Number of protein chains: 2
Amino acid sequence: MLDPRKLHLLRELARRGTIAAVAEAVTFTPSAVSQQLSALEREAGVRLLERTGRTVSLTPAGHLLVEHAHTVLEQLERASAALAAARGGPSGPIRIGAFPTAARVLLPPALAGLTGAHPGLVPMVSEIDPADVSAALRAGELDVALVHEYDFVPPVTDASIETEPLFAEAMYLTGRPSVAAARDDAWITNKPGTLCHTMAIRACQAAGFEPDVRHHVDDFDTVLAFAAAGQGVAIVPRLAATAPPPGVTLTRLPLGRRTLAAFRRGNGEHPAIRAAVTAFRDAVPRLPLR
Amino acid sequence: MLDPRKLHLLRELARRGTIAAVAEAVTFTPSAVSQQLSALEREAGVRLLERTGRTVSLTPAGHLLVEHAHTVLEQLERASAALAAARGGPSGPIRIGAFPTAARVLLPPALAGLTGAHPGLVPMVSEIDPADVSAALRAGELDVALVHEYDFVPPVTDASIETEPLFAEAMYLTGRPSVAAARDDAWITNKPGTLCHTMAIRACQAAGFEPDVRHHVDDFDTVLAFAAAGQGVAIVPRLAATAPPPGVTLTRLPLGRRTLAAFRRGNGEHPAIRAAVTAFRDAVPRLPLR
DNA sequence: TTCCAGCTTAAGCTTGTCTTATGCTCGACC
DNA sequence: GGTCGAGCATAAGACAAGCTTAAGCTGGAA
């Protein structure tokens, strides 16, 4: 019988590309991953991996097996969720990932509602950029996460991750009446590698120029303080601009972002996940979205 | 992560009712099965089994998990089948179960066609009564089997077994023009526990009497020889009555049986299974069915 | 009450799996 | 083009998981 643990490793390899990266993700040594995948290959009776230069890649049979791995692991996830439901109401630890703005604005009321409704739940929050969420979910480091996706930035689709939309908000530009008018300004963006950074670059490119990025700041309050101090312009989401400092004008852009809850496919009926998503949704009307 | 091997044991327990029977089916000791199920229960965090008298039964949570076990194991079966397909055309051993008449009449041409088309295949045949087939398939002792089902006898439905119909045939009564006319005769049936035996009893009951069963004989040639010797009447399928001995009259009954191919759910796309079922189907037109 | 079937637990051994250590190969970089 | 490092594979050893044997417990039938 095929071992789902090995299938999980193969699936991670398909996504991450190197055995070393897989090992790091599952906190094994590369040696262990290599041995497990060799064993899987032996059981499969087909070559699944092939050395390509310094790294390994999947054969067609390997990719085929990854597809099946998705469904197998999803079914196992469903079974676990059903067991959790059989254990009774939501209880135990639930690891929540959230991007910083959500952690600041949405989570406080949501967590209050969550633990109020289900005293047995022990939420554990980690700030995490949406770009890293699916990996953390698959690795089992998180159970549910708040992510966002921007216009212009294609959402990371992952066959093993499921999302539920929560709310949408508009984006605002500081200092200038339009992105095009900020062509020659210094720009303040989030750190490279974050979705917000990509969004700002793409918005400028859509307006026909490459931004002159001078500052990389993740915290939007700091961003706005920089803007107030005349250090540049920035694009900020509505939620991060509820109380802009004096002197900062905000112009609504024809650009939005959507916030979603993400979790492992098949885990959506887990009572703790269900309760968390419900709590997120219940907290949305309290947000200063206009 | 839930272990599919343990899920398999739980599923077998749901069907067989005792740990001892499960152990016998998987050729473990009862101790091993007990330990595995205890471990599963520990991981699940819910009671799955409860002692009821001298045996164990499943809790509602246990039954719930069995449902999920079906889908998980089916997906794993699909993955294995896909790998077998990736390995190339049908090859290797394929264990075939067949009821005696099928083994005698259908299998010779089917096996010839099968090995002719796929020289790499090594068919291994075991005679087996349809009543025992699903257990043997689930236990992995067989890959595909020929079974039949009768009118009056509800087919054994098993969520983990899939069937494909092959052909239907009529049943014939020896010596008398109708079952009702044989009320006071001695009867020759197959051995108790077989589907054919059940069928004969039910047919008599439908005609309003309990048969006086004097002989239990599985081989239909022997049955017909007994009938020719005046030792009783019997109901035989068309395939078993292609050359009745002199003096035996056969009356077609308004009663049929259907022959099907059975295999583990999810395994239908396995190239060896596919090839075998195709070979069975191709051999059907050569059967003396009228 | 006795007996036996069925389940569980304990102890020991085998097997599998992970880590450490080592060697190999490919690609980048000077 | 030689050197270096990243990445993978293999060997050997430590540890855990799983199976068997052995023994004990419980409930139903005789």
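In this text, all values refer to a predicted model and were calculated from it rather than measured experimentally. The sequence lines fix the lettering, A, B, ..., with proteins before strands; numbering per chain opens at 1.
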Pairs involving residues 71-98 of chain B, ordered by first then second residue, that meet side-chain hydrogen bond (donor to acceptor under 3.5 Å, both in side chains) (sequence neighbours left out): A/T71-B/Q75, A/Q75-B/T71, B/E74-B/R78, B/E77-B/R264, B/E77-B/N267, B/R95-B/D143
At a 4.0 Å cut-off to heavy atoms of chain B, the contacted part of DNA chain D spans D/dG18 to D/dG28
Among pairs that include at least one residue of residues 31-56 of chain B, which meet side-chain hydrogen bond (donor to acceptor under 3.5 Å, both in side chains), considering only residues two or more places apart or in two chains? B/S31-B/Q35
Give one of base, sugar-phosphate or nothing for B/Q36, where a contact means two heavy atoms less than 4.0 Å apart. sugar-phosphate
Check each residue of residues 40-62 of chain B for a non-hydrogen atom within less than 4.0 Å of any atom in DNA chain C, then write out the ones that pass by number, or none. B/R51, B/R54, B/V56
Under 3.5 Å, side chain of A/N190 to main-chain N/O of A/D218, donor-acceptor pair present? yes
Donor-acceptor pair, side chain of A/H215 and main chain of A/V217, under 3.5 angstrom: no
Heavy atoms only: give me the nearest B/L114-B/L121 pair and the separation to one decimal. CD1-CD1, 3.6 Å
Flag side-chain contact, heavy atom, 4.5 Å: A/V56 against A/I19: yes
Main chain of A/G120, side chain of A/H118: is a donor-acceptor contact present, judged purely on distance under 3.5 Å? no
Got a sec: does the CE of A/M124 have more than 12 other heavy atoms crowding it under 6.0 Å? no
Taking only heavy atoms on the protein side, list every residue of residues 2-24 of chain A lying under 4.0 Å from any atom of DNA chain D, sorted numerically. A/T18, A/I19, A/A20
Could you list all the side-chain hydrogen bond (donor to acceptor under 3.5 Å, both in side chains) pairs where at least one residue sits in residues 6-29 of chain A, not counting sequence neighbours? A/D3-A/K6, A/E12-A/R16, A/E12-A/R138, A/R15-A/D158
Under the side-chain contact (heavy atoms from CB on, under 4.5 Å) test against B/H197, which residue among B/K191, B/R202, B/H216 passes? B/H216
